Amino acid sequence: WARAYMASPNDGTDTLNLYDVSGLAHFELGTALRRIRRHGPLATDTGRLVSDLGRQLRTALGTGSRDPFGLGVGYNSGVDLTPHALGLALESRFYDQMTHSRRYLGFGLRQLDWAVGENAWGASFVTGDGDVFPHCLHHQVANLAGSLNGRGRILQGAVVDGPNAQDAFTGIGLMPGMRSCSYSGRTNYAQFDGHGVRFVDNVADWPSTEPADDYTAPTVLLFAELSRGRVP
C-alpha cells in the first residue's frame with residue numbers, strides 16, 4: 001500500500017489530515033520495519049518512506065516561509081487550515097523521530113503555535129486552550145447545555161476549523177432551538193481577515209466554530225507528548 005501511494009498521482013499533493021493519512025502510515029510502517037529485523041523482500045523500505053514524508057514537509061516549509069506566522073498551508077488553498085496545521089506538527093515529529101534528528105522541530109512547533117494562538121487573529125482554535133478561544137461552538141451539547149462565555153461548562157479540548165474560505169459563510173443561520181451566541185473578545189476578528197479567509201466566533205458560522213473528531217484527533221498525541229516534555 002505504501003508503494004502504491006508513492007506511485008500514485010496523489011503522492012505529495014496533501015499532508016496529514018482526515019483525507020490523507022499517508023504521513024501517519026509512513027511513520028507506523030517505518031517503525032514496524034525497524035522492529036522486525038528479519039523479513040523477506042519488501043515493496044518499500046524505511047529510506048523511501050522517510051524521503052516521501054520529507055517531500056511533503058519541504059513543500060509545507062516553503063509555504064510557511066512566505067507567511068509571517070509560519071503556517072505551512074496556503075490560506076486560500078481550499079483546505080481545512082487548523083487540522084492541516086496540527087497534521088504538519090505531527091508529521092514533523094514523525095520525520096525527526098524516524099531520522100533521529102531535529103530538522104523539522106522548529107517548523108512543527110510553529111504549526112502547533114499557529115493553531116493555539118500565534119496567528120493573525122490571536123485566537124486559539126482549541127477550546128479552553130489559552131485566554132482567547134472559540135466561545136460559540138456550532139455543537140448541539142455545547143450550545144444547549146454549555147457555557148456561552150468561555151467559562152465553566154465548555155467543550156474543553158474541542159478543535160474547530162478556525163479561519164475558512166469567505167465563500168463558505170453563505171446561506172448559514174441559526175437552527176431551530178439554537179441559543180444565539182456571538183463573541184469577538186477583546187478585539188474585532190474581522191479586521192484581521194484576509195487572503196480569502198475569515199474567522200467568526202458565532203454559533204451560526206459553522207465553517208469557523210464547528211468542532212470535529214478528526215480535527216481534534218491529532219491533539220491527543222501532540223499534547224500527550226508535550227505534557228511529558230518529549231521532543232524528537
Side-chain angles (χ1 to χ4, degrees), residues 1-65 67 70-74 77-116 125-126 157-159 161-162 211-232:
W1 285 111
R3 183 180 68 177
Y5 173 84
M6 289 187 284
S8 76
N10 292 327
D11 184 44
T13 62
D14 205 352
T15 54
L16 180 58
N17 74 102
L18 170 65
Y19 304 104
D20 188 328
V21 296
S22 61
L24 175 61
H26 283 1
F27 174 69
E28 291 190 336
L29 179 56
T31 300
L33 290 178
R34 286 199 303 272
R35 292 176 178 174
I36 304 172
R37 299 187 181 280
R38 294 184 180 181
H39 51 71
L42 299 173
T44 190
D45 55 38
T46 303
R48 292 187 178 92
L49 297 172
V50 168
S51 177
D52 197 63
L53 190 57
R55 190 152 70 92
Q56 293 186 19
L57 289 168
R58 284 194 300 274
T59 300
L61 185 64
T63 300
S65 68
D67 177 48
L71 179 63
V73 188
S77 58
V79 302
D80 301 315
L81 296 180
T82 301
H84 271 77
L86 293 171
L88 285 170
L90 271 178
E91 283 200 18
S92 299
R93 300 180 74 85
F94 294 158
Y95 182 94
D96 286 353
Q97 289 178 30
M98 292 177 75
T99 59
H100 304 288
S101 71
R102 295 191 177 188
R103 180 173 182 177
Y104 287 102
L105 176 62
F107 174 73
L109 290 175
R110 282 195 297 276
Q111 307 314 297
L112 179 58
D113 288 345
W114 185 91
V116 296
F125 305 125
V126 181
V159 178
D161 209 357
D213 290 346
D214 58 279
Y215 296 173
T216 307
T219 66
V220 177
L221 177 56
L222 275 171
F223 292 165
E225 293 199 344
L226 291 170
S227 68
R228 59 177 177 169
R230 180 176 178 178
V231 296

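It should be emphasised that the depicted structure is a prediction, and the values quoted were computed from it without experimental measurement.
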_Under the criterion side-chain contact (heavy atoms from CB on, under 4.5 Å), I'd like the reasoning laid out for His84 against Asp14: C-alpha separation, chi angles, the key distance, then a yes or no._
CA-CA 9 Å; His84 271 77; Asp14 205 352; 2.8 Å; yes
*Side chain proximity check, Pro83 to Asp161, heavy atoms < 4.5 angstrom*: yes
_Flag side-chain contact, heavy atom, 4.5 Å: Gln56 against Leu88_ =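 No - every pair of side-chain heavy atoms lies 4.5 Å or more apart.
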_Worked check of side-chain contact (heavy atoms from CB on, under 4.5 Å) between Leu112 and Phe223_ = CA-CA 10 Å; Leu112 179 58; Phe223 292 165; 3.8 Å; yes
What are the two closest heavy atoms between [X] and [Y], and how far apart are they?
| X | Y | answer |
| --- | --- | --- |
| Tyr95 | Gly54 | CE1-CA, 3.7 Å |
| Ser92 | Phe107 | OG-CD2, 3.5 Å |
| Ala89 | Gly108 | CB-O, 3.5 Å |

*Please list all pairs passing the salt bridge (charged side-chain N to carboxylate O under 4.0 Å, His left out) test where one or both residues lie in residues 103-113, with sequence neighbours left out.*
none
*Short side-chain to backbone donor-acceptor contact, Glu91 and Leu57, under 3.5 Å*: no
*Got a donor-acceptor contact below 3.5 angstrom from the Thr216 side chain to the Val159 backbone?*
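Checking the backbone N and O of Val159 against the side chain of Thr216, a donor-acceptor pair under 3.5 Å is found.
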*asked:* Leu49 vs Phe94, test: side-chain contact (heavy atoms from CB on, under 4.5 Å). Steps then yes/no.
replied: CA-CA 11 Å; Leu49 297 172; Phe94 294 158; over 6 Å; no
Measuring from [X]:[atom1] to [Y]:[atom2], what's the distance to the nearest 0.5 Å?
| X | Y | atom1 | atom2 | result |
| --- | --- | --- | --- | --- |
| Leu109 | Trp114 | CG | CH2 | 16.0 Å |
| Gln111 | Leu86 | CD | CG | 9.5 Å |
| Leu53 | Thr46 | CG | OG1 | 12.0 Å |
| Arg93 | Met98 | CZ | CE | 15.0 Å |
| Leu81 | Asn17 | CG | CG | 11.5 Å |
| Arg58 | Tyr104 | CZ | OH | 5.5 Å |

*Do Asp214 and Tyr19 get their side chains close enough for a donor-acceptor pair, meaning under 3.5 Å?*
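No, Tyr19 and Asp214 have no side-chain donor paired with an acceptor closer than 3.5 Å.
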*Side-chain ion pair, Asp45 and Arg48, N-O less than 4.0 Å*: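 Salt bridge between Asp45 and Arg48, a charged N being under 4.0 Å from a carboxylate O: yes.
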*Under the side-chain hydrogen bond (donor to acceptor under 3.5 Å, both in side chains) test, residues paired with Asn10 that sit two or more places apart*: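 side-chain hydrogen bond (donor to acceptor under 3.5 Å, both in side chains) check on Asn10 returns nothing, list empty.
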*Output, in order, the C-alpha distance, side-chain angles, deciding distance and verdict of side-chain contact (heavy atoms from CB on, under 4.5 Å) for Asp11 and Tyr5.*
CA-CA 6 Å; Asp11 184 44; Tyr5 173 84; 3.3 Å; yes
Under 3.5 Å, sequence neighbours excluded: what are the donor-acceptor pairs made by side chains of residues 23-34?
residue: His26; atom: ND1; partner: Ser22; partner atom: O; Å: 3.4
residue: His26; atom: NE2; partner: Asp52; partner atom: OD2; Å: 2.9
residue: Thr31; atom: OG1; partner: Phe27; partner atom: O; Å: 2.9

